[in-house]
Colleague: 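Okay, handing you the structure first.
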Number of protein chains: 4
Amino acid sequence: MARPTVEPQRRRAMIGAAIEAIHAQGGLDVTVGQIARRAGFSPALAHHYFGAKDDLLLAVMRQLLGDLGRETAAGLRGVRDGRARVSAILAASLGPAQFRPATLSAWLAFYEMAQRNPQARRLLRVYFRRLNSNLADALARVAPRAAAREIAAGAGALIDGLYLRHGLGHAAPDSGAAARIVEAHIAARLG
Amino acid sequence: MARPTVEPQRRRAMIGAAIEAIHAQGGLDVTVGQIARRAGFSPALAHHYFGAKDDLLLAVMRQLLGDLGRETAAGLRGVRDGRARVSAILAASLGPAQFRPATLSAWLAFYEMAQRNPQARRLLRVYFRRLNSNLADALARVAPRAAAREIAAGAGALIDGLYLRHGLGHAAPDSGAAARIVEAHIAARLG
Amino acid sequence: MARPTVEPQRRRAMIGAAIEAIHAQGGLDVTVGQIARRAGFSPALAHHYFGAKDDLLLAVMRQLLGDLGRETAAGLRGVRDGRARVSAILAASLGPAQFRPATLSAWLAFYEMAQRNPQARRLLRVYFRRLNSNLADALARVAPRAAAREIAAGAGALIDGLYLRHGLGHAAPDSGAAARIVEAHIAARLG
Amino acid sequence: MARPTVEPQRRRAMIGAAIEAIHAQGGLDVTVGQIARRAGFSPALAHHYFGAKDDLLLAVMRQLLGDLGRETAAGLRGVRDGRARVSAILAASLGPAQFRPATLSAWLAFYEMAQRNPQARRLLRVYFRRLNSNLADALARVAPRAAAREIAAGAGALIDGLYLRHGLGHAAPDSGAAARIVEAHIAARLG
DNA sequence: AATGAATGAGTTTTCATTCAT
DNA sequence: GATGAATGAAAACTCATTCAT
């Protein structure tokens, strides 16, 4: 009785495998079979736990967004100074965890998924809004509200652009360089 | 004989239809049939003119990159002042032509295609390099080489990020606002 | 030990659930899972009790045939008059129990199952023969053997036809009207 | 130019193959592959011409209903006498064409399909109504309207019941016997 | 030059069934 | 006794691609 359910483990394994598979395949045209095989299961099991393929992909997306959210929250904990909070957000957003090639591939894939899947679009918008408001709030401690919002918008777009270029590999700024670019952008804008 | 071949027209029509179809479908999972039907031809004709599907997609990509290149070149023609050249590049890169929803969808799709198709990757890298060197060269007229390069990298990433966010629609900066954001970024970095 | 086994209850519950599920689904393409869930058990239990899916379906069929047989026998008990016995058979065959939508759906489904499953075919033939001989025997008390047999054959087919039409719902004769039609048929044939 | 299209041929071939396949398989759980193979084509072609599997099945149904309708109309042509018209309808409905085993299997299958597919249900209802009104109209020439309607309803159900029993094969009345049973029914009811 | 016809290969999805616990 | 876990097998359906005409 109370046999410990393996569902959470399986879901985690499958999500991890999906990220790898998306990276290996280079997009969302991974097959459920590829994902499952990579996780060591049969394709049928993926459907058993996630329903349709898109549900699995959405679960992956939620995982990534959750990871980023948790990392950001952890970095912000206890930090009061506005400028330091900005740096913490950048450190989380552009940190090595986000810059892992597989993670970047997955992000890019989800940008495309968002084009046709409303739920994916909603999730991505939540991410945008959260990043923006996090940045704007922190910046508002060291600059007027309006400027803070504008700088935040620029910084957010810059971060996404750096993801994109890094996702293409080869000669794109790495995690550290990326953070420095955004820091420089913000420093310059703050005057 | 010497009947003017209709091939170029057909190719252009198919490429235009492909862009629209990618936008309508929200990604590269358009079918050759959808593209051909939209252009008013049979799917077989697409193969006749382009070979495989990926070849058609690469042709679309080349078209888009060529358009952007020509527009940039036109904007730069006769402009000598460094700062003005920067503005001209931005105007071309972020102008209304590039911000048309269908164009953005296609760009995004090609970012994903580049993940798995070496030729697509190469084309995209060429674009990066060209944008970067255009910007860096122009900036080098008003700032030291090293700074120019760094600012150019940031501006390039910023442009791509703005594409991305606009592609997701909804509350993202429009063409004009986007240009202003990048101008502000550069102005701030130039001090 | 000697714990009263719950097996008979479980089997009955599963059979009832199967009838409902067949009705809800509109045919034999119910899944074992649907049936089991409806009964409140796991799909595995259905196999535990019945073996393969077809065995479960055959059990359902036997149940229905048994119900009808018992009802007919009860109606005939103590009735001696030939004409009255005919009416008793009709009352049982066309009574409300048989005209319940779910029952009709199940019957229809079994007609189809009989097309490919020999055991189902055998069961259905037993039903035919029993209905026919019941009717013919009763009619033989008020008409010559040969005529009795012919009238019985017609009445039997008529009953099945009424099932069929009622199964399709909508403007088909109800239980009472159905009985009256068959009574009229027999009355007319008897002169 | 004006290359003669083979579509009608293919559709006919596929429909014929479907009827055979339904008979061979004993129900609607034929696969598209079985049908196509029997017709000598690939499964993909069936989808090409019919869309989904259910559309193919509906086409089969329409074919059968159309055949019956045409045969009935042909039998009625030029016949004025009410009683003779009734016989013509019966001859068409219970004639050898309808009593071919494969045809019967298909009919039965469609009864089940009608349980879950609204279009199939509608088609079957059309058949009912047409048979009923044909019979009732003919009978109305030799009996009062009300009686005609009632007798027609009985005869219609009887026909369907005979289909059903014949579909199960073995010891069921054949085409000729079936017609005689219905004729006897009607003769008796007409007094 | 252009296309209807045709298909092979592949993908998602479903499900009966098995089995260890 | 009962079930969650797992899967093999199969089905519908899609699509890029080929080819004869």
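So you know, we letter chains A, B, ... as the sequences are listed, proteins then strands, and number each from 1. Values in this document were obtained by computation on a predicted structure and should not be read as measured data.
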Colleague: If every non-hydrogen atom of C:K53 is compared with every non-hydrogen atom of C:V30, which pair is closest and at what distance?
Modeller: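 In this case the closest contact between C:K53 and C:V30 is NZ-O, 2.6 Å.
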Colleague: Just the rounded figure in Å: distance from P of F:dC15 to CD1 of B:I35.
Modeller: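 Distance, rounded to whole Å: 12 Å.
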Colleague: Which is more 5' along DNA chain F, the nucleotide nearest D:A52 or the one nearest B:V30? Just name the residue.
Modeller: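 Looking at the nearest nucleotide for each, D:A52 comes out on the 5' side.
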Colleague: Is there a Watson-Crick or G-U wobble partner for F:dT14 with both distances under 3.5 Å, and if so, which one is it?
Modeller: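 Base-paired to E:dA9.
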Colleague: Heavy atoms from C-beta onward define the side chain here; which of E:dC15, F:dA5, E:dT17 lies closest to that of A:T5?
Modeller: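 Closest of the options to the side chain of A:T5: F:dA5.
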Colleague: Return the minimal non-hydrogen interatomic distance between B:Q115 and B:R121, and the atom names on each side.
Modeller: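 Closest approach of B:Q115 to B:R121, heavy atoms only: O-NH1, 3.6 Å.
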Colleague: Among the candidates E:dT3, F:dT17, E:dT13, find the nucleotide nearest to the side-chain atoms of A:P43.
Modeller: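 Output: E:dT13.
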Colleague: Side chain of C:R10 only, please: which of F:dT7, F:dA11, F:dA2 is the nearest?
Modeller: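 Nearest to the side chain of C:R10 among the choices is F:dA2.
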Colleague: By nearest heavy atom, map C:T31 and A:Q34 onto DNA chain E; which one lands nearer the 5' end?
Modeller: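 In this pair, the answer is A:Q34.
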Colleague: Rounded off to whole Å, could you give me the NE2-to-C1' distance for the A:H48 and F:dG8 pair?
Modeller: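 Result: 15 Å.
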Colleague: Quick check for you: among F:dC13, E:dT12, F:dA6, whose closest atom lies nearest to any side-chain atom of A:Y49?
Modeller: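 Nucleotide nearest to A:Y49's side chain: F:dA6.
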Colleague: How many Å lie between CZ on D:F41 and P on E:dG8, as a whole number?
Modeller: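 Roughly 13 Å, once rounded to whole Å.
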Colleague: Here's a test of your reading of the structure: between C:D54 and D:G40, which maps to the more 5' nucleotide of DNA chain E?
Modeller: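 Result of the comparison: D:G40.
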Colleague: Side chain of D:A44: nearest nucleotide among F:dA6, F:dT14, E:dA6?
Modeller: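 Side chain of D:A44 sits closest to F:dT14.
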Colleague: If every non-hydrogen atom of A:L56 is compared with every non-hydrogen atom of A:M14, which pair is closest and at what distance?
Modeller: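 Heavy atoms of A:L56 and A:M14 come nearest at CD1-CG, 4.4 Å.
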Colleague: Please report the interatomic distance CD(D:E7) to CD(D:Q9), rounded to the nearest 0.5 Å.
Modeller: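 The CD atom of D:Q9 is 11.0 Å from CD of D:E7, to the nearest 0.5 Å.
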Colleague: Take the protein atom NE2 of C:H47 and the nucleotide atom C1' of F:dG1, then report the distance between them rounded to whole Å.
Modeller: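 One finds 17 Å between C1' of F:dG1 and NE2 of C:H47, rounded.
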Colleague: Atom CE of D:M14 and atom C1' of E:dA5: how far apart are they, to the nearest Å?
Modeller: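 Result: 11 Å.
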Colleague: Counting side-chain heavy atoms from C-beta on, which of F:dA16, E:dT7, F:dA12 comes nearest to D:S42?
Modeller: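 So the side chain of D:S42 is nearest to E:dT7.
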Colleague: Among F:dG1, E:dT12, F:dT17, which is the nearest nucleotide to the side chain of B:K53?
Modeller: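 Within the option list, the nearest is F:dT17.
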Colleague: Can you give me the closest heavy-atom contact between D:F110 and D:L124, atom names plus distance?
Modeller: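 Closest approach of D:F110 to D:L124, heavy atoms only: O-CD2, 3.9 Å.
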Colleague: Send over the distance from C:L45 CG to F:dT3 C1', rounded to a whole Å.
Modeller: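 To the nearest whole Å, that distance equals 8 Å.
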Colleague: How long is the line joining CG of A:D29 and P of F:dC15, in whole Å?
Modeller: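 That distance rounds to 13 Å.
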Colleague: Check the distance between F:dT3's C1' and A:E7's CD and give it to me in whole angstrom.
Modeller: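 After rounding, the gap between these two atoms is 14 Å.
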Colleague: Could you let me know what E:dA20 is paired to, Watson-Crick or G-U wobble, both distances under 3.5 Å, or none if it's on its own?
Modeller: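 Paired with E:dA20, as far as the under-3.5 Å criterion goes, is F:dT3.
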